[in-house]
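To keep things clear, I will list the structure first and then write my remarks on it.
Bear in mind the structure is a predicted one, so any value in this text is a computation, not a measurement.
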Amino acid sequence: MTSRGPGKRVRKTPAERRHEIVTTAARIGLTEGLECITLRRVAEELGVQSGLVGHYFPAADKLVAEAFTSATMTELDGLLPEWPAGPGASGEEGGAEDPREGAARDPLDALRRFFGLISSDDFDDVSRLWLNARHLSRYRPVLREHVVEQELLWCRRIERVVAAGVDTADFRCGDPWAAAVRILVAIDGTSAYINTSEEHRAGPLTGVARTVAEAELGLPAGALEAGAG
C-alpha cells in the first residue's frame, strides 16, 4: 500500500490574497465595528502571519477604508443593482448597458424592493457600519475619502433609477439627483438611532424614508410599499 502525504498547498496570487484580506476585514467591520479591524486580527482570522497582511497593507487605515468600501459596495449591489445611465441621470457612475441579471427591470419595482430590503433587520449591520465610518472619518482622512465616494455612489445609483422612472412617466421629479440626495439623507437619518433607541423607533420611524421618496417622486402614499401596485 502506498502512503500519500498531505496535499500540496496551492499558492494564492497576490490579487487573490489581497481580496481575501479585504473581504475578511469587511466581515469584521460589518459585524463588530471598524475599530476591530487590525492587521493582527485579520491575520488570525485567515490563519496567517500578521506580516503577510502588513505586506499588502502597511497602514491599517488603508485596510479599514477598503474594508468599508467592500462591505458597503456589496450591500448596495444587493439592494439596488446598477441601472443603465439614461438621459435624466448624471452618468458619472461607469456604465452597464442593462440592469444586472435577475434585478427588477421596472423602476417602480426596483424602489419597492429597495425600501423593503432596507426596512428589514438584515440592513441593521450596514446602518451601524455607516454610522461607525462617519464618526471615524473625523479622525481618519483615508476613511473619509472612501465614505464620501460611497455616499456619492449610493446617490448616483438611486438617481439612475429615479431618472429611469421619470423617462417612463412612473415618477414626477424635476431633479433626480436632488431627489436621490434627499432620499439617502432620509435613510441615513432614520438609521442614526440604530445603536441607542432601536426599540423606541420601530413604530414612529417605520416607512419614513419610503414616505420621503414617495413625496419626492410624486407618488401616492404607500406606492413604494412591498407588494403595492
Does some side-chain heavy atom of Arg140 sit less than 4.5 Å from a side-chain heavy atom of His146? no
Smallest heavy-atom separation, Ala26 atom then Ala67 atom, equals CB-O, 3.4 Å
How far apart are the C-alpha atoms of Glu149 and Glu145, what are their side-chain angles, what is the distance that settles it, and do they pass the side chain to side chain contact (heavy atoms under 4.5 Å, CB included) test? CA-CA 6 Å; Glu149 182 179 345; Glu145 292 176 3; over 6 Å; no
Quick check for you: to the nearest 0.5 Å, what is the distance between Leu152 atom CG and Trp177 atom CH2? 5.0 Å
Contact check, side chains of Leu129 and Glu75, non-hydrogen atoms, under 4.5 Å: no
Using distance alone, with no hydrogens and no angle criterion, decide if Gln150 and Thr72 have a side-chain donor and acceptor under 3.5 Å apart. yes
Check whether any side-chain N or O of Thr74 sits under 3.5 Å from a backbone N or O of Ser70 as a donor-acceptor pair, and report yes or no. yes
Using a strict 4.0 Å threshold on nitrogen-to-oxygen distance, state whether Glu159 and Arg156 make a salt bridge. no
Just so I know, are the side chains of Thr69 and Val147 near enough to count as touching, which here means a heavy-atom distance under 4.5 Å? no
So, do Ser119 and Glu225 sit near enough that their side-chain heavy atoms are less than 4.5 Å apart? no
Can you find a pair of side-chain heavy atoms, one from Met73 and one from Leu153, that are under 4.5 Å apart? yes
Close side-chain approach of Leu108 and Leu219, heavy atoms under 4.5 Å: yes
Do Pro107 and Trp83 make a side-chain contact, defined as non-hydrogen atoms from C-beta onward lying under 4.5 Å apart? yes
Can you check whether Cys173's main-chain N or O pairs, donor with acceptor, with Glu216's side chain at less than 3.5 Å? no
Can you see which heavy atom on Leu39 is nearest to which on Ser50, and at what distance? O-CB, 4.2 Å
Might you confirm whether atom CD of Gln49 has over 12 heavy atoms from other residues, nucleotides or ligands at distances under 6.0 Å? no
In terms of hydrophobic clusters joined by side-chain contacts under 4.5 Å, are Leu117 and Phe123 together? yes
Which atom of Asp188 lies closest to which atom of Arg134, heavy atoms considered: OD2-NH2, 2.8 Å
Closest approach of Arg113 to Leu80 (non-hydrogen atoms, all atoms of both residues): NH1-N, 4.4 Å
Starting at CG of Leu30, measure out to SG of Cys36 and round the result to the nearest 0.5 Å. 12.0 Å
Output yes when a side-chain donor or acceptor of Arg112 lies under 3.5 Å from a complementary backbone atom of Ala223, and no otherwise. yes
Arg172 side-chain N/O to Val166 backbone N/O, donor-acceptor pair under 3.5 Å: no
Does some side-chain heavy atom of Val126 sit less than 4.5 Å from a side-chain heavy atom of Leu79? no
Minimum heavy-atom separation for Ser137 and Arg144, please, with both atom names. OG-CA, 3.6 Å
Just how far is it from atom CG of Asn132 to atom CG of Leu34, taken to the nearest 0.5 Å? 4.0 Å
Separation between CG (Leu52) and NZ (Lys12), nearest 0.5 Å, reads 10.0 Å
Between Glu44 and Arg40, is there a side-chain N and carboxylate O pair less than 4.0 Å apart? no
Minimal non-hydrogen separation, Ala133 against Leu143, with atom names: O-CD2, 3.7 Å
When rounded to the nearest 0.5 Å, the distance separating OG1 of Thr23 from CZ of Arg18 is 10.5 Å
Would you mind listing every ring pair (Phe, Tyr, Trp, His ring centres under 6.0 Å) that reaches into residues 27-73, with sequence neighbours excluded? Phe68-Trp130
Could you go step by step and tell me if Phe171 and Leu111 meet the side chain to side chain contact (heavy atoms under 4.5 Å, CB included) rule? CA-CA 11 Å; Phe171 307 146; Leu111 288 188; 3.7 Å; yes
Does the distance from a Lys or Arg side-chain N to an Asp or Glu carboxylate O, for Arg157 and Asp77, drop under 4.0 Å? yes
Quick one: CD on Glu20 to OG1 on Thr13, what's the gap to the nearest 0.5 Å? 10.0 Å
Is there a path from Val142 to Leu136 through hydrophobic residues (I, L, V, M, F, W, Y) whose side chains come within less than 4.5 Å of each other? no
Take Arg128 and Leu131, measure what side chain to side chain contact (heavy atoms under 4.5 Å, CB included) needs, and give me the verdict at the end. CA-CA 5 Å; Arg128 291 187 178 95; Leu131 195 62; 5.6 Å; no
